[in-house]
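A short worksheet on the structure shown next.
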There are 2 protein chains.
Amino acid sequence: MNKQPKYRQVADALRREIDNGTYPPGSRLPSESELSARFDASRNTIRNGLNLLVTQGLVSSSQGLGYEVTKHEVFELNASRFENLEFPQNGDAYSTDVTNAGRRPHQTFRVELTPAPAYVAERLKVEEGSRAVLRFCHRFVDDVPWSTQATHYPEWLVEQGPRLTEPGDIAEGTTRYLASLGIEQVGYFDEISARMPTPEEARLLEIGAGVPVLLWTRTGFSNDRPIRCTVTTFRGDLNRMNYEIGDLSARSENEPQ
Amino acid sequence: MNKQPKYRQVADALRREIDNGTYPPGSRLPSESELSARFDASRNTIRNGLNLLVTQGLVSSSQGLGYEVTKHEVFELNASRFENLEFPQNGDAYSTDVTNAGRRPHQTFRVELTPAPAYVAERLKVEEGSRAVLRFCHRFVDDVPWSTQATHYPEWLVEQGPRLTEPGDIAEGTTRYLASLGIEQVGYFDEISARMPTPEEARLLEIGAGVPVLLWTRTGFSNDRPIRCTVTTFRGDLNRMNYEIGDLSARSENEPQ
DNA sequence: TAGTGGTCTAGACCACCTC
DNA sequence: AGGTGGTCTAGACCACTAC
């Protein structure tokens with residue numbers, strides 16, 4: 001018989017009640033003082049227990065309002081189709097996907113010429129600190145911050161593709177633009193990892209405690225060298241990535257229901 | 001000028017010192033009472049600040065020892081080559097990868113016939129609760145819990161491939177075994193997401209606060225239907241997945257250094 | 001104004017690790 | 001034994017939200 005500390009008992013009890021539907025997603029938990037009475041514990045102990053649930057992403061709290069059970073709608077991103085030239089689409093793939101899902105996309109955009117960070121330089125096979133074009137997107141869905149995307153192009157590419165440094169969008173998409181210049185992306189290398197957000201990421205994505213970020217790095221290659229490196233940061237609670245590989249004709253047949 | 005609460009100042013100061021190398025990965029932070037004196041704050045306030053860093057995955061604490069700056073070695077998993085029949089390997093792909101990395105793999109294994117959970121049933125296109133073979137792996141690298149992997153096969157497959165229910169390993173790999181019976185996996189659909197671990201996952205993977213899990217679901221298809229669904233749970237701090245797509249001959253040329 | 005969570009303190013006692 | 005973090009309490013005051 002190993003006795004759990006009181007704040008864990010509180011957290012476990014509440015977790016069970018959340019799981020069994022006593023407190024459904026979107027609903028509010030009892031206040032700290034109510035819980036304090038119910039569990040015969042000091043307010044600090046209750047807060048300690050609630051804090052566990054917060055860092056586990058089960059509930060979120062706001063001053064003056066209380067604790068709310070989190071609810072997630074996940075957005076699916078098809079990474080293997082994304083910017084596949086065989087699936088023609090106007091403009092940027094992200095906006096298309098979001099609009100198709102019946103949501104309202106919105107993004108801010110900027111272009112810079114900056115020294116490539118070590119992580120990017122390594123992937124672009126250029127020297128650390130050598131310059132690269134950074135095209136940075138901060139994306140929202142229905143005004144909720146959704147992801148940031150930073151694409152770096154090595155400086156040597158700019159001579160052939162001067163529009164890369166233009167501050168506005170490239171209507172047909174940069175991949176298409178480069179292809180029209182004979183610089184074709186024939187393959188890419190994707191890396192995916194997860195971690196807790198840095199304070200900067202937490203600020204941009206308005207992430208509270210208990211929500212990790214999904215990091216997606218795509219390095220694109222022409223026939224003879226890397227031509228771009230895109231680092232995308234997603235809110236982990238709102239996004240799921242997928243890849244379709246091989247023959248999936250059996251997947252779409254006989255859709256359930 | 002918006003004043004930060006004291007515990008955030010503590011966390012920010014320590015984070016800066018971790019970033020600039022004052023406390024390198026693996027080193028120990030000053031004790032709570034030392035920090036209490038340095039920041040002229042009560043021990044609880046210091047704990048509050050340290051707890052922020054813990055939930056952000058920057059440090060970990062253990063009773064009697066103190067706070068240690070976390071260090072990560074990440075293991076790369078090539079998901080597009082993984083179990084690709086064109087890259088022949090003996091036995092299971094995971095052990096091969098780990099051994100090649102100079103690490104020592106080890107796993108526990110069990111087989112069950114259980115009702116398929118809703119998530120899996122949906123992907124296997126069978127009714128929720130109908131039976132499925134579950135082959136479950138708990139994997140370690142150098143005795144550190146690394147990932148869990150649960151593969152479900154629909155019950156109808158067992159008639160054709162009775163060895164699926166055998167309690168031991170299938171030496172040539174299940175994918176190969178099924179292929180030898182004419183049930184070929186011609187494509188798969190991968191889904192990747194990240195979230196904080198459930199208490200059960202935290203227990204199996206020995207995850208502390210501040211470390212998310214990476215969830216990887218692979219549904220494999222034959223020509224006419226789904227034949228398996230594999231759910232893998234990774235420690236987010238130790239793993240990174242990657243996909244090679246298209247022609248990457250330019251990637252391996254001129255390796256840096 | 002009343003109720004919610006957010007910050008902070010001071011102090012007590014316990015559990016674990018090292019010497 | 002002495003130092004470390006882990007748990008818990010009681011109480012104070014502040015900031016935000018709702019009505």
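Here is how names work: the chains are called A, B, and so on, in the same order as the sequence lines, proteins then strands, and each is numbered from 1.
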Once you round it to whole Å, what is the distance between P of D/dT7 and CZ of A/F39?
17 Å
Return the value, rounded to whole Å, for the distance between atom CZ of B/R47 and atom C1' of C/dT9.
15 Å
Take atom CD1 of B/I46 and atom C1' of D/dG5, then tell me their distance rounded to the nearest Å.
14 Å
What is the separation between atom CZ on A/R28 and atom C1' on D/dT17, rounded to the nearest whole Å?
10 Å
Nucleotide of D/dG6, D/dT7, D/dT17 approaching A/P5 most closely (side-chain heavy atoms):
D/dT7
To the side chain of B/S61, which of C/dA10, C/dG5, D/dG6 is closest?
D/dG6
Does the base of D/dG6 carry an N or O that pairs as donor and acceptor with the side chain of A/R8 under 3.5 Å?
no
Distance in angstrom units between A/D40 CG and D/dC8 P, rounded:
12 Å
Length of the CD-P vector between A/E34 and C/dG5, whole Å
8 Å
Out of D/dG6, C/dG5, C/dT9, minimum distance to the side chain of A/R43 belongs to C/dG5
Can you tell me how far C1' of D/dA12 sits from CG of A/N44, to the nearest Å?
11 Å
Starting from P on D/dT7, measure out to CG on B/N51 and report it in whole angstrom.
11 Å
